[in-house]
Amino acid sequence: MSGSLWLPPGARPDTFPTIPKQRTTPSWAGPDPVDELAARIDDFVAAAVHPDEIAALLESDGLSDDQIRERYGVKNSFALAEELYERVPRRHPEPETPPHDPWRASLLTCLLRGVVFALPGFAYVLAAAAPLPLLASALTGWTWNQALAHRAYTWLGLGDERAAKRTLLRGAPTGVALGAAVAWLASGTADRSVAFAAGQSLYLGASTILLVRARERALLLALLPMATGAILTLFHPMPNATRLILLLGSLLAVTILGFLEVMPQGNAVKGRGELRDQPPHTRRQRTTQGPRLSSSFPYAIFGLATGTLVLHAALADTLTALILTLSMGPAEYLLHHLRSTSTTALRSSTTPTAFRRAATRTLLHSLTTYLLTLLTLALTTGISPTPLLLLGTVLWTALLLQSFGAILSTTAICSVAALAQTFAPLTALTVYATTATTQAALACALLGKATAHR
């Protein structure tokens, strides 16, 4: 039993039901006071997995050991709990409402995120710049913001929204400065390419804030003018001044929206004052509950490795990278669907073998659906489907392993793949096929374990 010895997993004393005064007694209940108590709290006792859960309920209802000795003839709450546990047959009734599914996701929202991921690519149509500073700045931004997003999401998972906002407010500008500095070092001079790279870094930081804060629609609206202008430019040339206005307008809108999301509020200032008023030992306890900085480092390396793989694909074929970026929306939805279906299978399966089979079927179904989506996009645009499908498998299984907590494994595999494609005399197909096979096998082994889904 996880959690405290006295409480069931996730429970607090104030969440226990009070002991009802009257209840229809089961057929086995008799005049014994213990039987009468068991009849009143029959459902709770029957579903308990340990007598300590029953003892916690008795104590939360205000029964003292003296009262228990007087009414029920046993020495304390633990003895009474053991007696109740022995008298009531075990049964675990189905909940009246469906259990909460934390992995339920909206298909429309995920598709919108895919569009938002792809739209910034149109900025390169409006601005002609040297590729090296842009690539260096992009890799820096992907690395930094992957770690930043992980840290912010961790704070949100801990229920501390204020700390998540503070993390984004401090981390995003640092990423912008790093991206601009790397672009300047790659260029060797402060030219137009460095300026565009600095704007790219600013966009990556602000958009990370909006995506973590689930503001996809606001980000889409801010990018629409720039994307529309880029599409029109493909058919009719635009003046340079108009291009600059479109770029700066969308960048300014995204930046303002991102800042407004994390701008300190009055209650945040009050909260910090309340924290200062607390005793020193309480302040230390609160500050040590947050995520360690080192826990985000693997996510930064993961962003660098996968970003390198995508950049190699973009240098070989721009459409391949664009389709992969656009497909991240369906990929995210299928990932949530897999986690949701696997959780349902965990509740309904009666044997470990049955669960492993269900989890494997779900994995193959989700991966096949994603690859069919990529194949449709490849046939529609006329690009070669083989590298697209293999790299898509690499990215999707990497995200899957990351969601199951296997961040160190997938980071190591993707890093080796990125290094091999960059420095080793291997073809892209060889690297993609080896990486995809390795990660798919690891995913199958991981998903077959029930403990991985908790």
Side-chain angles (χ1 to χ4, degrees), residues 105-126 135 138 142 207 211 216-217 219-220 223-224 226-235 303 305-339 362-403 410 414 417-418 421 427-437 439-440 443:
S106 167
L107 175 60
L108 180 60
T109 300
C110 291
L111 293 178
L112 178 61
R113 287 173 69 89
V115 173
V116 167
F117 293 154
L119 280 183
F122 286 103
Y124 299 98
V125 178
L126 294 176
L135 295 180
W142 289 341
S207 62
L211 289 172
E216 294 88 359
R217 289 176 174 80
L219 182 56
L220 174 64
L223 291 174
L224 278 180
M226 178 273 298
T228 303
I231 294 174
L232 294 176
T233 302
L234 296 176
F235 299 97
T306 53
T308 301
L309 293 174
V310 173
L311 281 183
H312 277 293
L315 293 175
D317 189 342
T318 306
L319 275 179
T320 298
L322 178 61
I323 291 175
L324 281 172
T325 306
L326 186 63
S327 72
M328 287 297 103
E332 187 174 315
Y333 174 78
L334 289 169
L335 178 61
H336 281 81
H337 174 72
L338 182 146
R339 296 301 306 266
T362 303
L363 171 61
L364 294 177
H365 176 267
S366 300
L367 180 57
T368 302
T369 303
Y370 176 60
L371 294 181
L372 287 176
T373 303
L374 286 179
L375 181 60
T376 302
L377 293 173
L379 296 177
T380 302
T381 55
I383 67 174
S384 176
T386 303
L388 177 65
L389 297 178
L390 288 175
L391 184 53
T393 304
V394 170
L395 296 179
W396 192 81
T397 53
L399 293 175
L400 175 63
L401 291 171
Q402 183 189 112
S403 75
T410 187
C414 290
Q421 191 170 5
T427 64
L429 293 181
T430 301
V431 173
Y432 297 160
T434 304
T435 307
T437 303
Q439 292 195 149

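Sequence neighbours left out, not one pair with a member in residues 376-390 passes side-chain hydrogen bond (donor to acceptor under 3.5 Å, both in side chains). Each salt bridge (Lys or Arg N to Asp or Glu O under 4.0 Å) pair with one or both residues in residues 378-392, not counting sequence neighbours, would appear here, but there are none. The salt bridge (Lys or Arg N to Asp or Glu O under 4.0 Å) contacts involving residues 324-338 comprise Arg113-Glu332, where partners must be two or more places apart or lie in separate chains. Pairs of residues two or more places apart, or lying in two chains, that qualify as side-chain hydrogen bond (donor to acceptor under 3.5 Å, both in side chains) and include a residue from residues 317-331 are Ser327-Tyr370.
Partner Ile383 forms a side chain to side chain contact (heavy atoms under 4.5 Å, CB included) with one of Leu322, Leu377, Leu319 and no other, that one being Leu319.
Contact annotation: the side chain of Leu367 never approaches that of Leu400 to less than 4.5 Å [non-hydrogen atoms, C-beta and beyond].
To the nearest 0.5 Å, atom OG1 of residue Thr369 and atom OH of residue Tyr333 are 10.0 Å apart. A distance of 7.0 Å separates CG of Leu309 from NE2 of His312, quoted to the nearest 0.5 Å. The distance from the NE2 atom of His337 to the SG atom of Cys110 is 12.0 Å, given to the nearest 0.5 Å. Separating the CG atom in Leu388 from the CG atom in Leu374 is a distance of 4.5 Å, to the nearest 0.5 Å. Interatomic distance, Tyr432 OH to Thr393 OG1, rounded to the nearest 0.5 Å: 12.0 Å. Rounding to the nearest 0.5 Å places CG of Leu399 at 6.0 Å from CE of Met328.
With sequence neighbours left out, Thr306 forms a side-chain contact (heavy atoms from CB on, under 4.5 Å) with Phe302, Leu395, Cys414. In this view, Ala227 and Leu119, Phe122 satisfy the side-chain contact (heavy atoms from CB on, under 4.5 Å) rule, not counting sequence neighbours.
Between the side chain of Thr437 and the backbone N or O of Thr434 there is no donor-acceptor pair closer than 3.5 Å. A donor-acceptor pair is defined here as one N or O able to donate and one able to accept, closer than 3.5 Å; no such pair exists between the side chain of Ser366 and the backbone of Leu363. Between the side chain of Trp396 and the backbone N or O of Ala331 there is at least one donor-acceptor pair closer than 3.5 Å.
The shortest non-hydrogen separation linking Gln421 to Ala428 is NE2-CB, 3.6 Å. Leu389 approaches Leu375 most closely through the heavy-atom pair CD2-N, 3.8 Å. Nearest heavy-atom pair, Thr233 versus Gly229, reported as atom, atom and distance to 0.1 Å: OG1-O, 2.7 Å. Taking each heavy atom of Ser403 and Leu335 in turn, the nearest pair found is OG-CD1, 3.8 Å. Across Val394 and Ala436, no two heavy atoms sit closer than the pair CG2-N, 3.7 Å. Nearest approach of Leu219 to Ser207, heavy atoms of both residues: CD2-CB, 4.0 Å.
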Show, in sequence, the C-alpha distance, side-chain angles and deciding distance for Thr427 and Val431, and conclude whether the side chain to side chain contact (heavy atoms under 4.5 Å, CB included) test is met. CA-CA 7 Å; Thr427 64; Val431 173; over 6 Å; no
Quick one: do Leu220 and Leu224 satisfy side chain to side chain contact (heavy atoms under 4.5 Å, CB included)? Show the steps, please. CA-CA 6 Å; Leu220 174 64; Leu224 278 180; 4.3 Å; yes
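Between Gln439 and Thr410, the side chains place a donor N or O and an acceptor N or O closer than 3.5 Å (distance only, hydrogens not considered).
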